[in-house]
Amino acid sequence: MADLVYFESFDRDSAGWWGWVGNDRGLQPLLWSQGAVTSRSPWWIDYNHAPPGAGYLHMLFCLSTRGPFSDHHKEIAGENRFAASRCPLDFREARITLRLQGELRARGAKLLLLFQGKIGDITSGWLLTGRPFAIDPEWSEQSVAITPDPEPWTCLRGRHDRLDYYNYLPLESIIGQVNANVMLVLFPLPVHPMGPLQGEPHLLRAGKDYPVWTSDLPEGYVRLDTVKIEFKPPAGGAAQRLPS
């Protein structure tokens, strides 16, 4: 039976959580010290969702919800205890609690949950834009409820040449089957080209095809030392806690 409470305190390793350094380079390890993982700037500009998609973002903390995982993935991220315990993929009515601390010059961006799922050839991501997490120098514990009400959500969709991969799928079909990953991201990013461009900036890849003013982007670090996900149990079921 799947565990209905996922609890991770990062006491042994990064527990399957990872960072990202770009489409060409892929995964990177988070900074781990016993009891916490840290993500530091500079962060890669994710241009996969540039307009007509929702916009640019930074990927800080990422967790794949199911394997299989390559040796490279395991070496970067450690043992994925979420996948190993077959935690539910249905996040509807779940409650997610994080314990966070950091120093962040956000420059208009907010720290948000992102859920991605795949149906057929399409991967669809939904940002919980209406319920951001605060980042302060002192540790704080913050919770959000995951509901299928579309009002606080934004669909990422994809940039002009990625719509065959990233596109719209109904919110409830994604948060009801999060079979790709869960992330903490910074969104939206103020991406401003540095110097003249040959062409429309959103048709190019920010930070790759042209330089941007990095001083306009978020700077700082975020530390995460506890993640708790309480899934809605089935009728007559009782929640089981995943050992940390």
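Numbering of residues begins at 1 and proceeds along the displayed sequence. All values reported here derive from a predicted model rather than from experimental measurement.
- If you take SG on Cys62 and CG on Leu27, they are separated by 8.5 Å, rounding to the nearest 0.5 Å.
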Stepwise side chain to side chain contact (heavy atoms under 4.5 Å, CB included) check, Lys110 with Thr129: CA-CA 8 Å; Lys110 296 179 179 180; Thr129 42; over 6 Å; no
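- Evaluation of the side chain to side chain donor-acceptor pair (under 3.5 Å) rule for Arg157 yields no partner, not counting sequence neighbours.
- Here the CG-CG distance, from Leu127 to Leu114, works out to 5.0 Å after rounding to the nearest 0.5 Å.
- Side-chain N/O atoms of Ser14 and Trp18 include no donor and acceptor closer than 3.5 Å.
- The local environment of CZ in Arg107 is crowded, with over 12 non-hydrogen atoms from other residues, nucleotides or ligands closer than 6.0 Å.
- The ring-ring contact (aromatic ring centres under 6.0 Å, His included) check on Tyr166 picks up His49, with sequence neighbours excluded.
- Distance alone, capped at 3.5 Å, places no donor-acceptor pair between the Thr123 side chain and the Lys118 backbone.
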Let me check something: any side-chain donor-acceptor pairs from residues 186-203 under 3.5 Å, sequence neighbours excluded? List them with distances.
{"unit_1": "His192", "atom_1": "ND1", "unit_2": "Asp216", "atom_2": "OD2", "d": "2.8"}
{"unit_1": "Glu200", "atom_1": "OE2", "unit_2": "His202", "atom_2": "N", "d": "3.3"}
{"unit_1": "His202", "atom_1": "ND1", "unit_2": "Tyr56", "atom_2": "OH", "d": "2.9"}

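- With contacts defined as side-chain heavy-atom distances shorter than 4.5 Å, the pair Phe61/Val182 does not qualify.
- For Ala134, the side chain to side chain contact (heavy atoms under 4.5 Å, CB included) partners are Asp136, Gln142, not counting sequence neighbours.
- Atom CG of Asp90 and atom CD of Gln177 lie 7.5 Å apart (nearest 0.5 Å).
- Contact check for Asn167 versus Ser124: no side-chain heavy atoms found under the 4.5 Å cut-off.
- Leu128 CG to Trp126 CH2: the interatomic distance, rounded to the nearest 0.5 Å, is 11.5 Å.
- Checking Thr147 against Asp149 by side-chain atom types alone, no donor-acceptor pair falls below 3.5 Å.
- What you find for Ser64 and Asn80 is that their closest heavy atoms are O-ND2, 2.8 Å.
- Side chains of Tyr210 and Arg205 form no contact here, defined as non-hydrogen atoms less than 4.5 Å apart.
- Not counting sequence neighbours, the partners of Glu79 by the salt bridge (Lys or Arg N to Asp or Glu O under 4.0 Å) test are Arg81.
- A salt bridge between Asp225 and Arg223 is absent, with no side-chain N of the basic residue lying under 4.0 Å from a carboxylate O of the acidic one.
- You'll find the side chain of Leu63 reaches within 4.5 Å of the side chain of Tyr6, heavy atoms only.
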Ile146 and Glu93: CA distance, side-chain angles, deciding distance, side chain to side chain contact (heavy atoms under 4.5 Å, CB included) verdict: CA-CA 5 Å; Ile146 311 303; Glu93 309 303 334; over 6 Å; no
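- For the atom pair CG (Leu184) and CG (Leu100), the distance works out to 7.0 Å, reported to the nearest 0.5 Å.
- Under the rule for a side chain to side chain donor-acceptor pair (under 3.5 Å), Thr226 has no partner lying at least two apart in sequence or in another chain.
- Under the side chain to side chain contact (heavy atoms under 4.5 Å, CB included) criterion, Glu172 pairs with Arg92, Pro148, sequence neighbours left out.
- Checking each of Ile175, Leu169, Leu171 against Ser173 for a side chain to side chain contact (heavy atoms under 4.5 Å, CB included) leaves exactly one that passes, namely Leu169.
- A pairwise comparison of heavy atoms in Phe82 and Ile229 identifies CE1-CD1, 4.2 Å as the closest pair.
- Leu31 shares a hydrophobic cluster with no other residue; no ILVMFWY side chain has heavy atoms under 4.5 Å from its own.
- Scanning both residues, Ile135 and Val222, for their nearest heavy atoms gives CD1-CG1, 3.8 Å.
- Residue Phe69 is found outside any hydrophobic cluster, as its side-chain heavy atoms come under 4.5 Å of no other Ile, Leu, Val, Met, Phe, Trp or Tyr.
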Evaluation steps, side chain to side chain contact (heavy atoms under 4.5 Å, CB included), between Ile122 and Tyr165: CA-CA 5 Å; Ile122 298 298; Tyr165 187 85; 6.0 Å; no
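- For Glu103, the side chain to side chain donor-acceptor pair (under 3.5 Å) criterion is met by Tyr221, not counting sequence neighbours.
- With Glu8 contributing its side chain and Phe10 its backbone, the two residues share a donor-acceptor pair below 3.5 Å.
- We find the CG-CG distance between Leu30 and Leu224 to be 8.5 Å, quoted to the nearest 0.5 Å.
- Between Leu156 and Leu57, some side-chain heavy-atom pair lies under the 4.5 Å cut-off.
- Nearest heavy-atom pair across Pro218 and Ala109 is CG-CB, 3.8 Å.
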CA sep, side-chain torsions, deciding dist, call: Lys208, Tyr47, side chain to side chain contact (heavy atoms under 4.5 Å, CB included): CA-CA 9 Å; Lys208 185 174 180 68; Tyr47 46 72; 3.6 Å; yes
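- Between Ile45 and Val212, the closest side-chain pair of non-hydrogen atoms falls below 4.5 Å.
- Between Gln116 and Met183, the closest side-chain pair of non-hydrogen atoms falls below 4.5 Å.
- Under the ring-ring contact (aromatic ring centres under 6.0 Å, His included) criterion, the residue pairs touching residues 84-119 are Phe91-Phe115, Phe91-Phe231, Phe115-Trp153, with sequence neighbours excluded.
- Judged by distance alone, with hydrogens and angles left aside, the side-chain atoms of His160 form no donor-acceptor pair with the main-chain N or O of Pro51 at under 3.5 Å.
- In this structure, Asp13 and Gly78 approach most closely via the heavy-atom pair OD2-CA, 4.3 Å.
- The backbone N or O of Gly117 sits nowhere less than 3.5 Å from a side-chain atom of Asn179 that would complete a donor-acceptor pair.
- Nearest approach of Arg131 to Ala145, heavy atoms of both residues: NH1-O, 2.6 Å.
- By the 6.0 Å contact criterion, CH2 on Trp139 is enclosed, its count of non-hydrogen atoms from other residues, nucleotides or ligands being greater than 12.
- Annotation: side-chain hydrogen bond (donor to acceptor under 3.5 Å, both in side chains) contacts involving residues 23-38, sequence neighbours excluded, comprise Asn23-Asn48.
- Here the side chains of Arg159 and Asp161 are in contact, with some heavy-atom distance below 4.5 Å.
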